[in-house]
Structure formats: C-alpha cells, structure tokens
Amino acid sequence: MLVTNKDLMVPARKKGYAIPALNVQNLESLTAVAEAAVEEKSPVILQITPSVIKYAGLAYITALAKTAAQQAPVPISIHLDHGEDYETAAKCVEAGFTSVMIDGSFLKFEENIALTKRVVAIAHPKGVSVEAELGKLAGIEERSVEEKDAILTDPDAAAEFVEKTDVDTLAVAIGTSHGAYKFKTEAKLDLERLKTISRKIQTPLVLHGASSVPNWLIEKATKHGAQLSGAKGIPEEHIKQAIALGIAKINIDTDLRLAFTAAVREALTNSPKEFDPRKILGPTKQAMKEVAKAKMQLFGSSNKA
Ligand code: G3H
Ligand code: 13P
Ligand code: ZN
C-alpha cells in the first residue's frame, strides 16, 4: 500500500526504530526491495535519484514503483532522493511520488529555506511529504574544528530551519558520506551533535551515507575481480546508536550496489557459457534482497508493517 514518508517516520521516531530508504534503479533492485519488505513485514521507502530518472525514464521507474507499492501488503513510500531543483521535485509530485527531497544543502542558509518553502508549498496540498537537508555530507576526519562546524549540521540552525520551512523530515550531517570510501582511518560520527539536534526538534531525522560496506560483500566482489581496496563504511553499532538518538530514516545505496556487483561478477565467472540475462541478473536480485532484509532487521523495522 502506498503511503508517505511522514506516515512511516513519525511513528518510527516515536517508537525508536528507523525506516530503510533503499535506492532502486531498475526492475531487479525494485522487486528485490519490495519482496524483502513483504517477507520482513517491514515498511520501506523506495528511493529514486534524479540520475536514475535520467537513466530509466520517470514514467517507467514510477510505474514500477507504483506497481510494487500497490501490490505489497506492507506500507511503501515512493521518494525522490536528492532532488536537485524545484522543477524536478514538482515533476515527481505530479508523477505520484509520495515524498520528495529538496537538497538545498549546497546553498546558503536563507536560500535553502526559500527553496525548501517553495517545494513544501506545492507538495503539502497534494499530501506529499518533504525532506530537506541542512549541513554538508562529508567525512569528519582530517578536518579542522572550524571546518567541521561549518559543514556538520548546527543544532540551533536546524531548529530555526524546520520552524521556518514546515518541512516534514530533515537530513542532518554528522560525519557520514556517500559511497564506499567513508573513512581513511577509524569510523567516527558526531553522535553528541545528533543528541543535541534531537533534543531541539521533534521532526523525524534522516541519515544519508549510511552504508556499512560489510567485509563479506567486499570479499565476495573482490574474489571475482572487483577492485575495492580501502572501502570502509559505518559500523552497525553506530547505526543503532543513531537510531536511538532520533534517526528515523536511513539511506542505503552503496551496500545494494556492492551486492549487485558481487552477484553479477560471480554469475559471469562461474558460468562463462551463460548469456541469458535472466540467469545473470537473477542472482543480483537475490543478493540485494538479502541486504535489504538485513537492514530491516538492523533498523528495527521488521514486523512493524
Ligand atoms: O545519494 C545517492 C546516491 O548514492 C547517488 O546516486 O548515482 O543514483 O545519483 P546516483
Ligand atoms: P550510501 O552511499 O552510504 O549507501 O548512502 C546512500 C544515500 O545517502 C542516498 O541518498
Ligand atoms: Zn544521500
């Protein structure tokens, strides 16, 4: 059943679990995530980026996501991830997404507020949730104290931002980053900052760049030829702590990509005579489904549908 991010995240924040927001790109990833949600009895957010819209086409990817949401006996939201401008957000609202992110994190504070308000003004009348971002995602190591403060989310600014924009959910920067290479040395998140933000605002919070880059996936992919040296993610223990401190949506793309890549490499290496796309891509779906189910268990969303 089709619901909004707000429908899913308000109870999640209250009850101390998080909704997996899983990036999907095609039929395999989309059905993998939807089937995982059904088997885990978990709510889930299907996330689609502007670059996926360019790759797959808005009509195709929306039709796939709507089909999944309508068929599934669990609540599913269709969300624009990292909406880059007003026009993209408006198109997704029009297409039937139930949530859109407007990512003004690269703008000045007042400009981010103005852009977010414009998106809220078209989304809310249609019952669509809006996620905004404050602070810039990037690792915190090797930055000076002043640099860190300029980049990580300022708790007072977050309180002012949600009040002025009426945004439904807020992505915060506490030291995570996108991709498979998050830390050069030991993993570090600014959980004290998250605690302060959570004390100041009741708005459900979002953690981007939260893949764990598990060893077993790196080993499986590299065994079949992938080059991923130095890859490092967010330890699962840190994820649990962040949920306890108010994170209600956790974005995962990289771990699904790694699962895809490991499975496709394994299929091609083990069956050099195979050329049926279904035999090559079928195992990728199974591999992504396993990762999706593990996230639902870790985030505490299993059996919350
Ligand atoms: O933050 C989102 C993604 O990990 C980047 O996705 O390559 O589909 O734009 P993209
Ligand atoms: P990862 O690269 O850590 O999976 O983060 C994905 C993300 O934040 C998508 O918005
Ligand atoms: Zn992100």
Side-chain angles (χ1 to χ4, degrees), residues 5 9 18-26 28-30 32-33 44-58 60-62 64-65 77-85 88-89 92 97 99-106 129-140 151-153 169-183 187-189 205-214 217-218 221 228 230-236 238-239 242-243 247-262 287-288 291-292 294-296 298-299:
N5 279 16
M9 290 169 65
I19 310 295
L22 304 177
N23 285 76
V24 292
Q25 299 146 344
N26 56 15
E28 283 73 22
S29 51
L30 220 141
V33 169
V44 78
I45 295 168
L46 297 171
Q47 299 203 125
I48 295 162
T49 60
S51 67
V52 169
I53 292 172
K54 280 188 200 106
Y55 173 76
L58 183 60
Y60 280 108
I61 198 75
T62 309
L64 279 175
S77 172
I78 303 174
H79 173 73
L80 169 67
D81 187 28
H82 292 284
E84 54 206 355
D85 50 36
T88 309
C92 290
F97 283 42
S99 175
V100 290
M101 175 185 188
I102 181 70
D103 184 356
S105 60
F106 53 93
S129 309
V130 179
E131 172 182 329
E133 179 166 330
L134 195 61
K136 289 194 186 70
L137 236 64
I140 54 178
I151 286 166
L152 301 185
T153 306
T169 69
L170 184 70
V172 292
I174 56 163
T176 61
S177 59
H178 291 113
Y181 305 89
K182 300 187 193 296
F183 304 99
K188 258 184 257 151
L189 294 189
L205 303 173
V206 182
L207 192 64
H208 283 247
S211 278
S212 289
V213 190
L217 271 182
I218 297 293
L228 293 161
K232 193 176 231 174
I234 313 290
E236 293 191 347
H238 290 36
I239 297 287
I243 297 170
I247 293 292
K249 168 176 179 273
I250 301 189
N251 287 14
I252 303 290
D253 191 351
T254 296
D255 284 351
L256 293 167
R257 292 180 182 199
L258 289 171
F260 174 92
T261 253
M288 290 185 282
V291 167
K295 297 298 175 190
M296 290 161 190
L298 177 71
F299 302 169

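Keep in mind it's a predicted model, so treat the numbers as computed, not measured. Read the numbers this way: they start at 1 and go in the same order the structure lists the ligands and their atoms.
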Residue His178 vicinity, atoms of ligand 1 by number, heavy atom under 4.0 Å: 1 (O)

Main-chain N/O of Asn26 paired to Ser29 side chain as donor or acceptor, under 3.5 Å: yes

Protein contact of atom 9 (C) of ligand 2 - nearest heavy atom, named by residue and atom, plus distance: Asp81 OD2, 3.2 Å

Contacting atoms of ligand 1, where contact means under 4.0 angstrom from a heavy atom of Ser51: 7 (O), 8 (O), 9 (O), 10 (P)

Stepwise side-chain contact (heavy atoms from CB on, under 4.5 Å) check, Met296 with Leu22: CA-CA 10 Å; Met296 290 161 190; Leu22 304 177; 4.3 Å; yes

Under 3.5 Å: N/O of Gly179 near N/O of ligand 2: yes

Test side-chain contact (heavy atoms from CB on, under 4.5 Å) applied to Ile45 and Lys249, step by step: CA-CA 9 Å; Ile45 295 168; Lys249 168 176 179 273; 3.8 Å; yes

Proximity of Asn23 to ligand 2 by residue part, where a heavy atom lies under 4.0 Å: side chain

Atom 8 (O) of ligand 2: nearest protein contact (heavy atom, Å): Gly209 N, 2.8 Å

Nearest non-hydrogen protein atom, atom 7 (C) of ligand 2: His178 CD2, 3.3 Å

Distance filter under 4.0 Å to His82 heavy atoms, resulting ligand 2 atoms: 10 (O)

Contacting atoms of ligand 1, where contact means under 4.0 angstrom from a heavy atom of Thr49: 6 (O), 8 (O), 9 (O), 10 (P)

For ligand 2, the portion of Ala210 having any non-hydrogen atom under 4.0 Å away: backbone

Residue His208 atom name (nearest to the Zn ion (ligand 3); N/O/S): ND1

Atoms in ligand 1 flagged as close to His82, the criterion being non-hydrogen separation under 4.0 Å: 1 (O), 2 (C)

The one among Arg257, Gln47, Gln25 that brings a heavy atom closest to atom 7 (O) of ligand 1: Arg257

Atoms of ligand 1 close to Asp253 [distance to a heavy atom under 4.0 angstrom, numbered from 1]: 3 (C), 4 (O), 5 (C), 6 (O)

Any N or O of Thr254 closer than 3.5 Å to N or O of ligand 2: yes

Ligand 1 versus Lys54: contacting region, heavy-atom distance under 4.0 Å: neither

Atom 3 (O) of ligand 2 - nearest protein heavy atom and its distance: Lys182 NZ, 2.5 Å

